[in-house]
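Everything numeric here is computed off the predicted structure, so don't read it as measured data. Letters go in sequence order (proteins before strands), and every chain restarts at 1.
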2 protein chains.
Amino acid sequence: MRSKKRALTIQDVAKTAGVSVSTVSRVLNGKDDVASDTQARIMKVIGKMGYTSSLAARSMRSHRKNLIGLVVPDIGFPYSIEIMKGVNRAIAESKFDLLLYTTGDVQKNGTALHEQHYVSLLNNSITDGVLIVASAAAEFITNAPIVAVDPHVINPNYPSVQGMNYQGALAVMEYLMGLGHRRIGFISGRPEIGSALRRLKGYRDALTSAGVAVDEELIKPGDFTQKTACKQASHLLQMDNPPTAIFAANDQSAIGVIEAAEGLGVRIPDDLSVVGFDNISEARYLGLTTVDQFLEEMGYVAMQMLIKLINGETLDLDVHKMQTKLVVRSSCQALTPAY
Amino acid sequence: MRSKKRALTIQDVAKTAGVSVSTVSRVLNGKDDVASDTQARIMKVIGKMGYTSSLAARSMRSHRKNLIGLVVPDIGFPYSIEIMKGVNRAIAESKFDLLLYTTGDVQKNGTALHEQHYVSLLNNSITDGVLIVASAAAEFITNAPIVAVDPHVINPNYPSVQGMNYQGALAVMEYLMGLGHRRIGFISGRPEIGSALRRLKGYRDALTSAGVAVDEELIKPGDFTQKTACKQASHLLQMDNPPTAIFAANDQSAIGVIEAAEGLGVRIPDDLSVVGFDNISEARYLGLTTVDQFLEEMGYVAMQMLIKLINGETLDLDVHKMQTKLVVRSSCQALTPAY
DNA sequence: ATCAATACCGGAAACGTTACCGATATTATT
DNA sequence: AATAATATCGGTAACGTTTCCGGTATTGAT
C-alpha cells in the first residue's frame, strides 16, 4: 500500500540541506546559534521530507524526554479507567505526554513477567518518571522518579497514593449494621493485593468490635471480577441461612452480586442489601450504595506528585492518604426483624 | 527517599560478572553459544544487581520491539475507552505490549502539535507499529505499519476500520420517523471529524428522502461533549415549535440532552424521544436508544490488522467497514398526534 | 601426536542522536 | 589596520545496546 522506504535520519536532512548534522540538530532543538536563513532553509527541508527524530536515539542521548510512563495492569477495568481519567487531567495541565504501558491480561502471565516488563520500560529508558497503578514490584527501580497508586505492599519505599480501604470498609459495615444486618456476606478481592486485604480486615474488625462472631462461611473468595462474584454470590444466597446483606470488595463484584440476585429472584434491596467499593460510574445508574475512594482524584494527585519529583522538588508527604466516603443509594434497606 | 544512583548499564553487569559486554548481551537475548555455567553466573549477577536493559538503546540497535503504539486523543472519553478495551483484548492475545500515547486535552492544543507528537513517536522509534484512533494526520508516516480507527479523512492511504456512520444515522431516522416524528432535532459532532459529518448527512438525507424539509433551526452544533449538548438541547427545547425527538451525534451528547430535558421538566420518552450513537456502557443503564457501532470490536479488529501488517502478512481488505445496529431501549415513544 | 572441528568468548563497529570543542568568517573595537 | 569579540557552523565523542567477525581453548578424529 505504501512504499516501505527506509526511515529518514538526521543525516538525510543534513545532506539535502547541505549542512552538517550538528546544525540540523541545533535547529531541531531550538538552539539560537544558527543563522536565521539557514534555520529557515533547514526547517523547510524537514517539513518537505517529513522528517522526525527518533525517540529512541534522542532519549538515549539526552535526558529530558517530557514523557511520563503509566503502568496499568488492565485498561478496561473501570477501576483503571477512573484513575486514568485523573492522570489524564494532570497530564493535560502539564507539558508532559503520557506513555501507557500495559501487559494486557493480568490474570494470564504471572507477576514475574509483569515486573520485568515494568522495569525494562522504566529503568534507563524512555520516560522521565513512572506512575504505577495497583501493583507490587517497583522495588527494583532505583534511579527513576516513581509514584504508586494503591501499591500492593504496605510500606513501599517510594511515594504513593493510597485509599483508606480499612476505614472505608469500616464505614460500610457500620452502615449495614446500623440498618440491623448481622449476617453480612463478603466477596473478597484478590488476596495478593494489599487494599483487598485491608477491606477484608475492616469487615472482620467491624463485626468483632460489634460483638458479632465472624462466620467464615460468609466470606467468599473473589477476584474483583463480576463473573466470579456472581458465582460466589449464588453460593451465598443458596445457603440454608443466607446473609441479609452482601459487601463486595469492589463495585464490579457488587454488580456480580446483583446479577446473581436477579438470577435467583432475590429482590434488592427488599431481600438483600448490597454494597460495593470504588464508586465507578456505573454504580450511579444502578443505584448501588458504595464507597467512593475518589479514584479520579487519586490519579490526579499521584501524577502531580510525580511531576514534582521529576522537577526535582521534594514532596511534603511521601504517602498521600485519600479520604473515602460512603455513598448511600438505593441498594440497601433496613432489616425488618421478621423472625 | 531513594539513592539517586546512576542507572546500571550492561557494562556494569559485564564488569562484576567478569565477562565481556557481548557475552552479557548474548545471555540477555537467549543466544545459545554461551557456556551454561557462565550463563547461570551472569543471570545471577543480573538478578542481584537488578539490571534491565535500556529500551531506548535496545530499540535503536535492533529492530524488533514487541511493542505497539496506540494513539488516542483523550482517554476518559467513553468512546476511547470502548475501543481501548478491544485493543487490550487483542494485545492480551498477542505477544505484543501496548504503549499508549495521548496528548491529553485535545481541545487545547491544535492538530499541529498533535501530529508532531504522533510522528515523533512512530516514525523511527520505539514501536513496531501504530494504531491511531479518531484522528487525521497519519499522512507523514511512511515506514511504520499503521492502522487507523475512524480516520478523519475519508479515504486514507493506510488501512483503517470505519464505522458505517451514514447507515447508522439512516437507521435512527427511519426508526424515529416510523414512530411518527417529523420535527427531529440534531446535535452534531465536531465538524472536522469525518464520522460526525456522515452522521449529519444521514440525518439530512433521511429527512429529504422521506419528503420532510430540513429545518436548519433544528440542527445545533455540538462537540461530542455532554455539556455542550445540554446547552444546545435547552435551546432546542425552548423553541416556539420544539422538536418531538432529538438525535444526538453520540451517546455523551444524548446524555446531555437528557440532562437538559430533566432541567426543563420535559419527560422522556413521553414528551421527547432521544437517540444517541455509540452504545457506550452507560447507555444501557439509562435506557438510551442508540446505535451500536461495536467500538470494542473495532479496536479488536484494528489491532489484529495491525499485527498482521507487522508480521509482514497482507491484509485481505484495506478498509474494514464495521456494521452498525440500532439498539432500541426506552428513550423513544411513538408520537401521538395530539394536534 | 598432529590436525580439524567445535564451543565459547572478546573486540569493535554500528544504530541516530546530542553535546562539546574548536575552526572559520564576520563584525566590532581601538 | 591590526586585534578582539562574536556569530555561525562542522567534527567528533559519547549514549547503551546488538551483531558481526575473529580468536583462543577445548574436544574429537586419525
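At the phosphate of D:dG16, neither OP1 nor OP2 sits under 4.0 Å from any side-chain N or O atom of B:S53. Using a 4.0 Å cut-off, no side-chain N or O of B:Y51 falls inside it from OP1 or OP2 of D:dG16. Between A:K31 and C:dA19 there is a side-chain polar atom (N or O) within less than 4.0 angstrom of OP1 or OP2. The phosphate of D:dC9 (OP1 or OP2) has a side-chain N or O of A:T38 nearer than 4.0 angstrom.
With sequence neighbours excluded, the residues that form a side chain to side chain donor-acceptor pair (under 3.5 Å) with A:T23 are A:S20.
Look at CD on B:Q39: it is 15 Å from P on C:dA7, rounded to the nearest Å. When rounded to the nearest whole Å, the span between CD1 of A:I10 and P of D:dA14 equals 19 Å. Rounded to an integer number of Å, the gap from A:R41 CZ to D:dC9 C1' is 11 Å. At whole-Å resolution of the value, CG in B:L55 and C1' in D:dC15 are 14 Å apart. Straight-line distance from the CG atom of A:N29 to the P atom of C:dA19: 6 Å, rounded to whole Å. Atoms CG (A:D33) and P (D:dG10) sit 12 Å apart, rounded to a whole Å. Following rounding to the nearest Å, A:D37 (CG) and D:dT8 (C1') show an atom-to-atom distance of 10 Å.
Between B:V149 and B:A302 the shortest heavy-atom distance is CG2-CB, 3.5 Å.
Side-chain atoms of A:R61 stay outside donor-acceptor range of the base of C:dA19, with no qualifying N/O pair under 3.5 Å. Between the base of D:dT17 and the side chain of B:R58 there is no donor-acceptor pair shorter than 3.5 Å.
Comparing B:D32 and A:M60 by the nucleotide of DNA chain C that holds the closest heavy atom to each, the one mapping nearer the 5' end is B:D32.
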Evaluation steps, side-chain hydrogen bond (donor to acceptor under 3.5 Å, both in side chains), between A:T9 and A:Q11: CA-CA 5 Å; A:T9 80; A:Q11 314 253 10; 5.3 Å; no
Evaluate side chain to side chain contact (heavy atoms under 4.5 Å, CB included) for B:V133 paired with B:Y79, printing each intermediate quantity in order. CA-CA 10 Å; B:V133 175; B:Y79 168 89; 3.9 Å; yes
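The distance from the OG1 atom of B:T16 to the CG atom of B:D12 is 7.5 Å, given to the nearest 0.5 Å.
The bend of the helix from C:dA1-D:dT30 to C:dT30-D:dA1, defined by the angle between the axes of its first five and last five pairs, stands at 50° to the nearest 10°.
The backbone N or O of B:L55 lies less than 3.5 Å from a partner atom in the side chain of B:S59, making a donor-acceptor pair. Looking at A:S54, its side chain does come within 3.5 Å of a backbone N or O of A:A57 through a donor-acceptor pair.
In this structure, A:V27 and A:I46 have side chains that are in contact, with non-hydrogen atoms separated by less than 4.5 Å. Annotation: side chain of A:L70 is not in contact with side chain of A:I83 (no heavy-atom distance under 4.5 Å).
Residues of residues 16-26 of chain B that place a heavy atom closer than 4.0 Å to DNA chain D, in numerical order, are B:V21, B:S22, B:S25, B:R26.
Out of C:dC9, D:dT18, D:dG16, the shortest distance to the side chain of B:L28 is found at D:dT18.
When only modelled atom types and interatomic distance are considered, A:Q304 and A:Y300 share a side-chain donor-acceptor pair under 3.5 Å.
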